[in-house]
Trainee: 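One structure, pasted below without further comment.
Treat the numbers as computed from the prediction; the structure is a model and nothing was measured. Heavy-atom basis, side chains included; hydrogens, waters and symmetry copies ignored. Along the sequence shown, the residues carry numbers beginning at 1.
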Amino acid sequence: MNQYRDHYCGLISEKDIDKKIKIAGWIENIRDHGGVIFVDIRDEKGTVQVVSNDDSIFNGLTRESTVTLTGVVRKRDEEDYNDKIATGKIEILIDSLEVLGKAKNVLPFEVVTSKEVSEEVRLKYRYLDLRNPKVHNGIVFRSQVIKYLRDKMNDLGYLDIQTPILTASSPEGARDFIVPSRKFHGKFYALPQAPQIFKQLLMCSGFDKYFQIAPCFRDEDARSDRVYGEFYQLDLEMAFATEEDVLKVGEDIFRDTFTKFGTKKISSEPFRRLSYQEAMEKYGTDKPDLRNPLEIIDVTEVFSDTEFKPFRSVPVKAIRVLDIANKSNSWFNELVDYAKTIGMPGIGYFKVLEDMTFAGPIDKFLSDYEREELIKLADLKPNSVIFFIADRKLACKYAGLIRDELGRKLEIIDESKYEFCIVKDFPMYEWNEEEDKYDFSHNPFSMPQGGLEALNNQNIEDIKAYQFDFVCNGVEMASGAVRNHDIEIMKKAFDLAGYSEDVIKEKFKSLYTAFQYGAPPHAGMAPGIDRMIMMLKEESSIRETIAFPMSASGQDLMMGSPSEVSELQLREAHIKIR
């Protein structure tokens, strides 16, 4: 192959016995068996054992040093087979060895067990962490998935078009990363939160189908399913397209990708579709985990005239669970404690006994009418338990969290499948308490259902957008929409959110202008690459899917960023640190 190797370590087999070969890689392990030295050499394709009776060959050798060596492949004795590696039936008897890059005697951690080390240390020495085959193979897997997605999009007739990284700051829902301009005093570029405006401009430019594996930059705090700073999405857009056109493409992408790379079955064909309202009412979230069979019931009407003060004049949600009345008091106390951790004062419940009477602290406050109505509405059975969640503003949210916790505690979530759904018909606006006004609830570029007529005649809280999310196992995997391409609808939509036409001209100048030169109806979506890989690999942290991620606190511990810059750099950018 080249001067360092003619075979990969992990690809040597019994077919190569008696051949003289050359390999290169990292020293994974050194074992001295009394005059016979065994060394494991690792490259990207795997590990192979090499052996020598000459101690001087390995003199001063350290683990994780890089070497090139020549030797003859021979078969191991049968009792020495190693079934844990592909090369476990052979070994290489060394002729010569050359050290290419010597490693320190003491390593920050053991490479093969790096996933057991604290994340901060792993990220500081990420180049060592990435040598761990489990970590390394995750990045190889990511490359394979992205190649598959590129090929698929090309096959579907989409053009791969790159859009700028340096752009203008615009209010798109998250905090921008801003970049000072040296040439234009007091002005700034911004890193794009997404290629949203550019892909809409591509549709206005006459391109029919666009996609890219797009980097997106948002100054948002990290979570287990969201990295700080930079993430990637499969960004796509279609001209002369409806919502249904995009939903079909999205189903195709997720179905084929998860079938090829996933280890579980896809449970629903086609994906189940829910309105935002239905999702919130039944599951308490706009990203429901449908593997959990529990549903939320609205029992507010049952308690419209109740004597029980906590349920009076507030929304009351309930979750009925069959056959758990015999659970221990400690089991129920754990749920009460969980409710307190999410902001609830506790959680009310009662058990249904064999004779259909109720047992629990709430029962004494109920009327006969309320008991009868609950039996009918919640379809109560003997040995079932009904839990109540009441709150003036957060009843839905709390009920959704309790539903999730019950699913975990009862172990009723089916871990053997990918349960996809599409949540659609999002409200166009939501009340912003901080600013005491209505604002866009999702993407400000979405087309309102009913167009200008809806904006002029419907109550603002009733206006829905052509906005949708793809959800899998309780995780949002993609967001998309039919875009607003009409300048008059755009002006009215922003006006209802308190933005004047002058604001549109200033903040969205390109779209405002382009829409006056014949914009086509267009729609698109953006599956999250990092989240897809996270789910396919069943990782608990999204940072495991990225070669060089920021830490949870937003630092690059390996590169030392963010870092200070020189006074000269600040002066050139016209910046003074306060």
Trainee: Please determine which of Met532, Gln212, Met153 meets the side chain to side chain contact (heavy atoms under 4.5 Å, CB included) test together with Leu234.
Mentor: Met153
Trainee: Could you tell me whether Tyr210 and Tyr158 have their ring centroids closer than 6.0 angstrom?
Mentor: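 They do not qualify: ring centres at least 6.0 Å apart.
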Trainee: Within a reach of under 6.0 Å around NZ of Lys115, are more than 12 heavy atoms found that belong to other residues, nucleotides or ligands?
Mentor: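 Atom NZ in Lys115 is crowded, with more than 12 foreign heavy atoms closer than 6.0 Å.
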Trainee: Check residues 450-457 and write down every donor-acceptor pair under 3.5 Å in which the side-chain atom is one partner and the other belongs to a residue at least two apart or another chain.
Mentor:
{"unit_1": "Asn456", "atom_1": "ND2", "unit_2": "Leu452", "atom_2": "O", "d": "3.3"}
{"unit_1": "Asn457", "atom_1": "ND2", "unit_2": "Glu453", "atom_2": "O", "d": "3.2"}

Trainee: Mind checking what makes salt bridge (charged side-chain N to carboxylate O under 4.0 Å, His left out) contact with Asp469, not counting sequence neighbours?
Mentor: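 Not a single residue meets the salt bridge (charged side-chain N to carboxylate O under 4.0 Å, His left out) criterion with Asp469.
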Trainee: Glu434: which residues meet the side chain to side chain contact (heavy atoms under 4.5 Å, CB included) condition with it, sequence neighbours left out?
Mentor: Asn432
Trainee: Under a 3.5 Å threshold, yes or no: a donor from one side chain and an acceptor from the other, between Glu230 and Tyr228?
Mentor: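 There is no such pair between these side chains.
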Trainee: For the residue pair Phe440 and Tyr429, is the inter-centroid distance of their aromatic rings smaller than 6.0 Å?
Mentor: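 Here the rings of Tyr429 and Phe440 have centres that are less than 6.0 Å from each other.
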Trainee: How about CZ on Arg273, more than 12 heavy atoms from neighbouring residues, nucleotides or ligands closer than 6.0 Å, or not?
Mentor: yes
Trainee: Can you confirm if the aromatic rings of Tyr418 and Phe258 lie within a centre distance of less than 6.0 Å?
Mentor: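 Ring centres of Tyr418 and Phe258 closer than 6.0 Å.
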Trainee: So, taking the atom named CG in Leu536 and the one named CZ in Arg531, what distance separates them when rounded to the nearest 0.5 Å?
Mentor: 14.0 Å
Trainee: Taking the six-membered ring for Trp and the single ring otherwise, decide whether the centroids of Phe508 and Phe494 are under 6.0 Å apart.
Mentor: yes
Trainee: Would you compute the distance between atom OG1 of Thr242 and atom CG of Asp245 and round it to the nearest 0.5 angstrom?
Mentor: 3.5 Å
Trainee: Regarding Glu98 and Thr68, do their side chains bring together a donor and an acceptor under 3.5 Å, going by distance alone?
Mentor: no
Trainee: Sequence neighbours excluded, which residues qualify as side chain to side chain contact (heavy atoms under 4.5 Å, CB included) partners of Lys505?
Mentor: Glu501, Asp502, Tyr512
Trainee: Which residues satisfy the side-chain hydrogen bond (donor to acceptor under 3.5 Å, both in side chains) test with Asn132, sequence neighbours excluded?
Mentor: Ser114
Trainee: Excluding sequence neighbours, so at least two apart, what forms side-chain hydrogen bond (donor to acceptor under 3.5 Å, both in side chains) with Glu110?
Mentor: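 Testing Glu110 for side-chain hydrogen bond (donor to acceptor under 3.5 Å, both in side chains), a comparison that skips the adjacent residues, returns Arg63.
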Trainee: Once you round to the nearest 0.5 Å, how far does OH of Tyr4 lie from CG of Leu69?
Mentor: 14.0 Å
Trainee: Is the centre of the Phe468 ring less than 6.0 Å from the centre of the Phe426 ring?
Mentor: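 Distance test on ring centres: not under 6.0 Å, no.
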Trainee: Would you call Leu290 and Tyr283 a side-chain contact if the rule is heavy atoms closer than 4.5 Å?
Mentor: yes
Trainee: Kindly compute the distance separating NZ (Lys187) from OG (Ser169), expressed to the nearest 0.5 Å.
Mentor: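 Rounded to the nearest 0.5 Å, the NZ-OG separation comes to 13.5 Å.
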Trainee: Output all residues satisfying salt bridge (charged side-chain N to carboxylate O under 4.0 Å, His left out) with Asp556, sequence neighbours left out; order by chain, then residue number.
Mentor: none
Trainee: Out of curiosity, Ser65 OG to Leu97 CG, how far, rounded to the nearest 0.5 Å?
Mentor: 10.0 Å
Trainee: Do Gln193 and Asp176 pair up side chain to side chain, a donor and an acceptor below 3.5 Å, judged on atom types alone?
Mentor: yes
Trainee: Residues two or more places apart in sequence or in another chain: which of them pass side-chain hydrogen bond (donor to acceptor under 3.5 Å, both in side chains) with Glu44?
Mentor: His136
Trainee: Check this for me: Glu461, atom CD, are more than 12 non-hydrogen atoms of other residues, nucleotides or ligands nearer than 6.0 Å?
Mentor: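 Yes, because the 6.0 Å sphere around CD of Glu461 holds more than 12 heavy atoms from other groups.
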Trainee: Please, which pairs that meet salt bridge (Lys or Arg N to Asp or Glu O under 4.0 Å) have at least one residue in residues 124-145, sequence neighbours excluded?
Mentor: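 Listed once each, the pairs are Glu64-Arg131, Arg122-Asp129, Arg126-Asp129, Arg142-Asp530.
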Trainee: Check this for me: Tyr127, atom OH, are more than 12 non-hydrogen atoms of other residues, nucleotides or ligands nearer than 6.0 Å?
Mentor: yes
Trainee: Applying side-chain hydrogen bond (donor to acceptor under 3.5 Å, both in side chains), name anything that partners Gln555, two or more places apart in sequence or on another chain.
Mentor: Ser553
Trainee: Could I get the full list of salt bridge (charged side-chain N to carboxylate O under 4.0 Å, His left out) partners for Asp221, not counting sequence neighbours?
Mentor: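 Here no residue qualifies.
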Trainee: Taking only residues two or more places apart in sequence or in another chain, which ones pass salt bridge (charged side-chain N to carboxylate O under 4.0 Å, His left out) with Asp252?
Mentor: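 Checked Asp252 against salt bridge (charged side-chain N to carboxylate O under 4.0 Å, His left out); matches are Lys152.
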Trainee: Assess, by modelled atom type and distance only, whether the side chains of Glu116 and Thr113 contain a donor and an acceptor separated by less than 3.5 Å.
Mentor: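 Side-chain D/A pair, Glu116 to Thr113: absent.
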Trainee: Take atom CD in Glu564; do more than 12 heavy atoms of anything else shown fall under 6.0 Å from it?
Mentor: no
